[in-house]
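What you are looking at is a predicted structure, and each value in this text was computed from that prediction instead of being measured. Reminder, nothing fancy here: chain letters follow the sequence lines and each chain counts from 1.
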There are 2 protein chains.
Amino acid sequence: MLAFIFASKYLHIMEIRRDVFQAIADPTRREIIRLIATQPVKINTIAERFDVTRQAISLHLKILSECGLLHIRQSGRERLCEAKLEKLIEVHDWVEQYSKLWKGRLKALKNFVEQEELQSKIIKKNKRNKINQIKKSKK
Amino acid sequence: MLAFIFASKYLHIMEIRRDVFQAIADPTRREIIRLIATQPVKINTIAERFDVTRQAISLHLKILSECGLLHIRQSGRERLCEAKLEKLIEVHDWVEQYSKLWKGRLKALKNFVEQEELQSKIIKKNKRNKINQIKKSKK
DNA sequence: AATTTGCGCAGGTAAATGCTTGCATTTATA
DNA sequence: TATAAATGCAAGCATTTACCTGCGCAAATT
């Protein structure tokens, strides 16, 4: 428990601020992942697709590489960037634990709404009966 | 196409820098989500669980709220934070499109490794036969 | 009515992020 | 061998982030 408090206090200092969640937070980096998802691509080719300098893209690639989302392979004077999509399992698993919760809730909500509808129908029916009774008694 | 280039150029200016990916990038915010995932919790109760000030936590809650991951409900002088986990669908779907790719690759890799093993066995077998032949001829 | 509790808001700081320009280095190629 | 191409590295800058302290205000509690 103490360790937990300690860890949470110094998390922003201790932790290498390069986890997968951090890496995919940036839209440019997500776009890079999309580009290299199916086949390895040269650094320059990636850079050409964006309107920022090659250096800026290089930095993004470094971040992605540092957190294990891609691997850079030297090939002559070129460098090929290959996606390591398995690293996304971390994110997948994290979301998955909550998807169970929200799916459960949606189901519960659906049941609730259906129950409400049923109740509302019964009330309406009773109301109609009462109105009919009043009408009858007026006659 | 032009629109895409334009969009990608000004993405970091145009975009409200508060998307779900950005929100879950911070470990403190992920921990907050964990705390309120199953039931609504008061702001102060959340803040007590961390070693930073209430104000810092309040800011995190604001960010989570702005991107739709939680809803703050006033209840007298208290404020209850309720998780809106459905918002994680965005992340879920994004990861899912790549999970298909990485699963496919792992399968391909498995096949490749199995093939390699088979090849290696055949080679070893051939080698063994040769050695035996040599041994035989020596005798 | 006075105090406590639960919060928001404003202003300030240090570090991180995202980008730039300029220069060095290695490897193909004319 | 000179040159072009593909890249890395370093220094600098604006913006954002993740904190902090201090203050104010309204709803409960005493």
Q. Are the side chains of B:Asp26 and B:Ile63 in touch, meaning some heavy atoms are under 4.5 Å apart?
A. no
Q. A:Phe50 has an atom CZ; how far is it from atom P of C:dG18, in whole Å?
A. 13 Å
Q. Which nucleotide in the set C:dT20, D:dA18, C:dG8 lies at the smallest distance from any side-chain heavy atom of B:Ser58?
A. C:dG8
Q: Whole angstrom is fine here: how far is it from CD in A:Glu78 over to P in D:dA5?
A: 13 Å
(Q) Any non-hydrogen side-chain atom of A:Arg73 less than 4.5 Å from a side-chain atom of A:Arg79? (A) no
Which donor-acceptor pairs under 3.5 Å do side chains of residues 92-104 of chain A form with protein atoms, sequence neighbours excluded?
unit_1  : atom_1 : unit_2  : atom_2 : d
A:Gln97 : NE2    : A:Trp94 : O      : 3.4
A:Ser99 : OG     : A:Glu96 : O      : 3.1

Q.
Nearest 0.5 angstrom please: A:Glu82 CD to A:Ser65 OG, how far?
A. 12.0 Å
Q) Do B:Cys81 and B:Ile72 have side-chain heavy atoms sitting under 4.5 Å apart? A) yes
Q: With the side chain of B:Asp26 defined as its heavy atoms from C-beta on, choose the nearest nucleotide among D:dA18, D:dA6, D:dT17.
A: D:dA18
Q | Closest to the B:Lys42 side chain, choosing from C:dC7, D:dC20, C:dG18 | A | C:dC7
Q. To the nearest Å, how far apart are B:Leu59 CG and C:dG8 C1'?
A. 12 Å
Q. NA contact type, B:Ala56, heavy-atom cut-off 4.0 Å: base, sugar-phosphate, or nothing?
A. sugar-phosphate
Give me, pair by pair, the N or O atoms of the protein and of nucleotides 22-29 of chain D that are less than 3.5 Å apart, along with how far apart they are.
unit_1 : atom_1 : unit_2  : atom_2 : d
D:dG22 : O6     : B:Gln55 : NE2    : 2.8
D:dA27 : N3     : B:Arg77 : NH1    : 3.2

(Q) Measure CZ/B:Arg79 against C1'/C:dG8 and give the value in whole Å, please. (A) 7 Å
(Q) Can you measure B:Phe21 atom CZ to D:dT17 atom P for me and round it to whole angstrom units? (A) 17 Å
**Q.** Nearest heavy-atom neighbours spanning B:Ile24 and B:Arg30
**A.** O-NH1, 2.7 Å
Q.
On the nucleotide D:dT7, are OP1 or OP2 found under 4.0 Å from the side-chain N or O atoms that A:Asn44 carries?
A. yes
Q: Report yes if a side-chain nitrogen or oxygen of A:Thr53 is closer than 4.0 Å to either non-bridging phosphate oxygen (OP1 or OP2) of C:dT20; otherwise report no.
A: yes
Q. Any side-chain heavy atom of B:Val41 within less than 4.5 Å of one from B:Leu80?
A. no
Q.
Assuming nearest nucleotide by heavy-atom distance, tell me which of A:Ile57 and B:Thr45 is located more 5' along DNA chain C.
A. B:Thr45
Q: Check every atom of C:dG8, D:dC19, C:dG18 against the side chain of B:Ile43 and return the nucleotide holding the closest atom.
A: C:dG8
Q | Distance in angstrom units between A:Leu80 CG and D:dT7 C1', rounded | A | 13 Å
Q) Taking a hydrophobic cluster as the set of Ile, Leu, Val, Met, Phe, Trp and Tyr residues connected by side-chain heavy atoms closer than 4.5 Å, whether directly or through intermediates, do A:Phe50 and A:Ile43 fall within one such cluster? A) yes
Q. Is the shortest side-chain N/O distance from B:His60 to OP1 or OP2 of D:dT17 below 4.0 Å?
A. no
Q.
Within residues 61-69 of chain A, which residues have any heavy atom lying less than 4.0 Å from an atom of DNA chain C?
A. none
Q. Say you draw a straight line from CD of B:Glu90 to CG of B:Leu69; how long is it, rounded to the nearest 0.5 Å?
A. 8.5 Å
Q: Would you indicate, yes or no, if D:dT17 has its OP1 or OP2 atom less than 4.0 angstrom from a side-chain nitrogen or oxygen of B:Gln22?
A: yes
**Q.** Note, A:Thr45 side chain near A:Leu35 side chain (heavy atom, < 4.5 Å)
**A.** no
